[in-house]
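Here the structure is laid out as structure tokens; the discussion comes afterwards.
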Amino acid sequence: GQHKLKHGHHDHAPRIDATPLIQRDRPWESKISGTCSIFEDDGRFRMYYTAIHIGPLTSLEYWSSVTAYAESTDGITWVKPRVGTCTFEGSTDNNLIMNNKLAQGRGGDGINVFKDPGAPPDQLYKIIQAQSGKIYRVSGGYSADGLHFTFLDKPILDDYMSDTQNIVCFDPQKGK
């Protein structure tokens with residue numbers, strides 16, 4: 001027969017909420033990728049997500065992946081603060097932490113951001129990104145505040161195909 005599992009006195013059936021955590025409500029968000037990085041950081045949740053801007057067909061940036069930032073205190077309601085790192089259509093009044101120019105043309109696909117508690121203070125946050133197409137590689141960068149990243153000149157993995165979300169994190173057991 002079938003058994004109904006109960007934990008204590010409460011039924012813990014899954015609940016589906018079809019409302020997206022992030023809504024497309026900015027000009028650089030023609031599309032939003034299904035992948036993102038979310039982690040708790042000193043009482044707030046941080047989210048790094050890939051937005052895709054689709055511009056005019058005649059534009060060099062017709063299809064451009066950018067990395068955007070949002071934060072939340074409860075994990076449900078998210079705000080997109082003005083970061084001031086990247087220029088979009090002549091303005092830095094946006095929540096972008098990486099665009100094609102800042103990423104040195106390597107694209108913003110397969111991004112993952114994490115906090116590295118074993119790193120020096122100026123490298124506390126790490127980012128990795130995938131590049132695919134004519135060149136395959138995984139590149140990275142670091143930041144003191146998780147918003148303003150310095151990108152490494154050399155790839156972490158060269159000639160390596162990785163076009164989906166890449167997951168890297170700090171391992172407390174190994175300490176790295």
Side-chain angles (χ1 to χ4, degrees), residues 13-116 123-133 137-152 162-170:
R15 180 175 64 93
I16 297 174
D17 184 347
T19 307
L21 291 177
I22 296 291
Q23 302 288 335
R24 292 178 304 141
D25 58 4
R26 303 293 195 270
W28 48 89
E29 296 175 341
S30 302
K31 294 180 180 282
I32 293 180
S33 171
T35 60
C36 65
S37 297
I38 300 175
F39 60 91
E40 189 272 330
D41 186 19
D42 296 327
R44 71 176 160 175
F45 294 96
R46 291 177 165 243
M47 177 191 294
Y48 300 84
Y49 63 98
T50 301
I52 299 166
H53 171 64
I54 302 174
L57 282 172
T58 56
S59 168
L60 292 174
E61 295 287 321
Y62 164 65
W63 181 280
S64 177
S65 293
V66 293
T67 302
Y69 173 77
E71 59 188 26
S72 173
T73 56
D74 62 8
I76 297 169
T77 304
W78 294 85
V79 296
K80 301 173 184 179
R82 179 185 184 274
V83 176
T85 300
C86 296
T87 301
F88 179 84
E89 294 183 350
S91 172
T92 58
D93 187 13
N94 58 57
N95 67 324
L96 301 177
I97 64 157
M98 182 175 66
N99 58 12
N100 196 36
K101 183 177 180 182
L102 189 62
Q104 301 168 20
R106 295 184 292 220
D109 298 324
I111 63 103
N112 178 235
V113 179
F114 67 99
K115 190 172 184 178
D116 180 355
Q123 297 181 21
L124 190 58
Y125 298 89
K126 305 285 174 55
I127 187 170
I128 60 166
Q129 66 198 103
Q131 180 179 359
S132 58
R137 62 176 51 129
V138 176
S139 299
Y142 57 88
S143 170
D145 63 3
L147 299 175
H148 304 85
F149 284 84
T150 299
F151 292 92
L152 303 173
S162 181
D163 69 346
T164 59
Q165 186 170 18
N166 303 283
I167 304 297
V168 178
C169 61
F170 178 79

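Heavy atoms only: backbone and side chains are in, while hydrogens, waters and symmetry mates are out.
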May I have the step-by-step check of side-chain hydrogen bond (donor to acceptor under 3.5 Å, both in side chains) for Tyr142 and Asp116, ending in yes or no? CA-CA 10 Å; Tyr142 57 88; Asp116 180 355; over 6 Å; no
Yes or no on side-chain contact (heavy atoms from CB on, under 4.5 Å) for His148 and Val83, after CA distance, side-chain angles and deciding distance? CA-CA 8 Å; His148 304 85; Val83 176; 4.3 Å; yes
Quick one, Ile127 with Ile97, criterion side-chain contact (heavy atoms from CB on, under 4.5 Å). Give me CA distance, side-chain angles, the key distance, then yes/no. CA-CA 11 Å; Ile127 187 170; Ile97 64 157; 4.3 Å; yes
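Ile32 places none of its side-chain heavy atoms less than 4.5 Å from the side chain of Gln23. Side-chain contact between Trp78 and Ile38 is present, with heavy atoms from C-beta onward closer than 4.5 Å. In this structure, the side chains of Lys80 and Asp25 come closer than 4.5 Å at one or more pairs of heavy atoms. Taking the side chain as every heavy atom from C-beta outward, Ser143 and Asp145 approach each other to under 4.5 Å. Using a 4.5 Å heavy-atom threshold, the side chains of Tyr69 and Pro81 count as touching. With contacts defined as side-chain heavy-atom distances shorter than 4.5 Å, the pair Phe149/Met98 does not qualify. Annotation: side chain of Met47 is in contact with side chain of Leu21 (closest heavy-atom distance under 4.5 Å). The side-chain heavy atoms of Tyr48 and Phe39, taken from C-beta on, include a pair separated by under 4.5 Å.
Residues Lys31 and Arg24 come closest through the heavy atom pair CA-CD, 3.9 Å. Nearest heavy-atom pair across Gln129 and Gly140 is OE1-N, 4.4 Å. Across all their heavy atoms, Val168 and Ile128 have their closest contact at CG2-CD1, 3.1 Å. For the pair Ala68 and Leu96, the tightest heavy-atom approach, listed with the atom from each and the gap, is CB-CD2, 3.9 Å. Between Ser72 and Thr77, the closest heavy-atom pair is OG-O, 2.7 Å.
Residues satisfying the side chain to side chain donor-acceptor pair (under 3.5 Å) criterion with Thr19, sequence neighbours excluded, are Asp17. Not counting sequence neighbours, the partners of Ser30 by the side-chain contact (heavy atoms from CB on, under 4.5 Å) test are His53, Ile54. Applying the ring pair (Phe, Tyr, Trp, His ring centres under 6.0 Å) rule to Trp28 yields the partners Phe88; only residues at least two apart in sequence or on another chain are considered. Scanning for side chain to side chain donor-acceptor pair (under 3.5 Å) contacts around Thr92 gives Arg82, with sequence neighbours left out. In this view, Arg26 satisfies the side chain to side chain donor-acceptor pair (under 3.5 Å) rule with no residue, not counting sequence neighbours. Here Tyr49 pairs with nothing under the ring pair (Phe, Tyr, Trp, His ring centres under 6.0 Å) rule; sequence neighbours left out.
A donor-acceptor pair under 3.5 Å is absent between the side-chain atoms of Asn95 and the main chain of Ala70, judged by distance alone.
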